Amino acid sequence: MSRIINKALFYKEWINVKWVTMVTIITLLFYKGYGVITLLNQNNEMIRRLGKIPSNRWFNNGLHMQDDYFFIMILIVIILSIVLFIVDKSSGNQGFIAAMPFTRKEIILNKWMAGVISLLISFVVTYVFLSLFYVLNISGMYRALNPYSDIVRWVLMNMAQSICIFTFMVLAQTVMGNSVVSGIVAGIMLIVPYFITWSIQNVLLRYFGFVQSIRIRLDSIRYWLNVYQYNLAYTSNVNINDNYNPYYYTNYKLKLLVLFILTCLFLYLAYISFKKKDLEYNLKLFVFKNLEPVFMCVFAICTGFLVGLIFGEYSLMAFWVYVITFIIVGYFVAKQLVKVLSSRK
């Protein structure tokens, strides 16, 4: 570990992300800690009013309820990546640091480690709080519907997902210049494969009608392509107790494996990119020139299909007219964006 972490570099990065760590801890405790406390109070109120113990679903539901938590955590991870790079890029410190006796590998790995440790601390603090709260209130719960393993599984899944998304954000920061734009573009790029698959499914549906085999396969592909949804839990259609359906993760172990593989892949690509990038061009939209046409084509295609699916819903002819027209428009818009955002001081 000492070969990976350089104390001077890590301390420099940790100073920048300390406040993000505090924000992350507060967010997790508010949405999950406060969430289970609120549901427990509701159950206690039902016991007081009705004189009986309800289905005691508060802990499972409190952890897995689908609220603003998912969006807020993605936003925090994006901000974390921006904070780690924005000072060095805007002030030119990266070139200065690279001229010091630090290797490119040390620089990028210490940035990544600072972000990962920030996330780890946040989830560990939340895990300790939830565990203590669980132990202190276990006597008022129906254990079969609120197992302690719910906490462990939730922490591992959400922590793995956050680290994977953060690593992709680091990759984006190494191939793009402007830190804020890099974070926004990377956040959108993660849903592009899902959106393209969804667009293909809609086009096939309009041409061939509903074909169950095609629908099932494309739904399965979209399910695995959307990393943002890996930590979503689902309920079964079978009532277990008092019309209560507990939340559960699908393909839990396989999802963790996929997240681990993607994290390793993104980190390796980030290292390769940072090793080859010219640190003097940090304000360009893309550090590598050959990525500009890729961005423009993806932006144009997504714009065309999005407009076509919205406004060409009832006519295939209108659909393709909208698609082709706005692919052309989207390409020129993307070209202007690259030109404007690649301007240097």
Side-chain angles (χ1 to χ4, degrees), residues 1-29 72-129 155 158-183 186-187 259-260 263-283 287:
M1 184 65 70
S2 59
R3 294 182 179 180
I4 298 176
I5 297 181
N6 181 288
K7 292 183 179 180
L9 285 174
F10 182 81
Y11 179 75
K12 166 186 167 296
E13 306 300 344
W14 180 247
I15 291 297
N16 294 328
V17 302
K18 281 195 302 184
W19 68 270
V20 183
T21 307
M22 292 300 301
V23 171
T24 309
I25 292 173
I26 293 171
T27 300
L28 288 170
L29 291 179
I72 298 298
M73 275 305 298
I74 292 171
L75 183 61
I76 287 176
V77 171
I78 293 175
I79 292 173
L80 178 61
S81 68
I82 292 173
V83 168
L84 281 168
F85 285 86
I86 191 169
V87 174
D88 290 347
K89 286 184 176 182
S90 60
S91 64
N93 281 350
Q94 275 191 341
F96 173 74
I97 293 174
M100 298 178 70
F102 303 124
T103 65
R104 295 285 184 99
K105 182 178 180 180
E106 287 179 316
I107 296 173
I108 192 62
L109 283 182
N110 278 273
K111 284 185 178 292
W112 180 78
M113 285 295 298
V116 168
I117 290 178
S118 172
L119 292 171
L120 287 175
I121 290 174
S122 303
F123 279 102
V124 168
V125 170
T126 306
Y127 169 73
V128 172
F129 175 85
V155 169
N158 283 264
M159 187 166 57
Q161 184 204 42
S162 297
I163 292 174
C164 180
I165 294 174
F166 167 72
T167 308
F168 182 78
M169 299 299 164
V170 171
L171 170 61
Q173 294 287 350
T174 62
V175 301
M176 300 180 68
N178 187 291
S179 298
V180 177
V181 176
S182 301
L259 290 171
F260 175 75
T263 300
C264 294
L265 176 62
F266 294 152
L267 182 59
Y268 175 74
L269 293 176
Y271 163 66
I272 296 298
S273 173
F274 192 74
K275 184 178 179 181
K276 293 183 177 181
K277 73 182 293 187
D278 189 341
L279 299 179
E280 299 300 322
Y281 297 95
N282 277 328
L283 296 181
V287 177

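Keep in mind the model is a prediction, meaning the values are calculated, not measured.
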task: May I ask you to test the Thr263-Trp112 pair for a side-chain heavy-atom distance under 4.5 Å?
output: yes
task: Applying side-chain contact (heavy atoms from CB on, under 4.5 Å) between Cys164 and each of Leu259, Leu267, Leu265, report the one that passes.
output: Leu259
task: Quick one: closest heavy-atom pair of Ala186 and Ala172, and the distance?
output: CB-CB, 3.4 Å
task: Test Thr167 against Leu171 for side-chain contact (heavy atoms from CB on, under 4.5 Å), laying out the working first.
output: CA-CA 6 Å; Thr167 308; Leu171 170 61; over 6 Å; no
- request: Find the distance between CZ (Phe274) and CD1 (Ile107) and round it off to the nearest 0.5 Å.
  value: 5.0 Å
message: Any non-hydrogen side-chain atom of Leu119 less than 4.5 Å from a side-chain atom of Met159?
response: no
task: Quick one: pull up CG in Asn16 and OG1 in Thr21 and give me the separation to the nearest 0.5 Å.
output: 11.0 Å
- request: May I ask you to test the Phe166-Val116 pair for a side-chain heavy-atom distance under 4.5 Å?
  value: yes
- prompt: For the residue pair Gln173 and Gly183, what are the closest heavy atoms and their distance?
  reply: NE2-N, 3.9 Å
- prompt: If you round to the nearest 0.5 Å, how far is OG1 of Thr174 from CE of Met169?
  reply: 12.5 Å
- request: With the side chain counted from C-beta on, respond yes when Ile78 and Ile165 share a heavy-atom pair under 4.5 Å apart, and no when they do not.
  value: no
query: When rounded to the nearest 0.5 angstrom, what distance separates CD1 in Ile79 from CH2 in Trp19?
result: 6.0 Å
task: Drop me the distance from Lys18's NZ to Ser118's OG, to the nearest 0.5 angstrom.
output: 12.0 Å
- prompt: Met73 versus Leu28: any side-chain heavy-atom pair under 4.5 Å?
  reply: yes
query: Which is it for Leu120 and Ile163 under the side-chain contact (heavy atoms from CB on, under 4.5 Å) test, yes or no, and what are the steps along the way?
result: CA-CA 9 Å; Leu120 287 175; Ile163 292 174; 4.1 Å; yes
query: Can you check whether Val170 reaches Phe266 side chain to side chain, under 4.5 Å on heavy atoms?
result: no
field: Reported SG-to-CG distance for the pair Cys264 and Leu269, which is rounded to 0.5 angstrom
entry: 11.0 Å
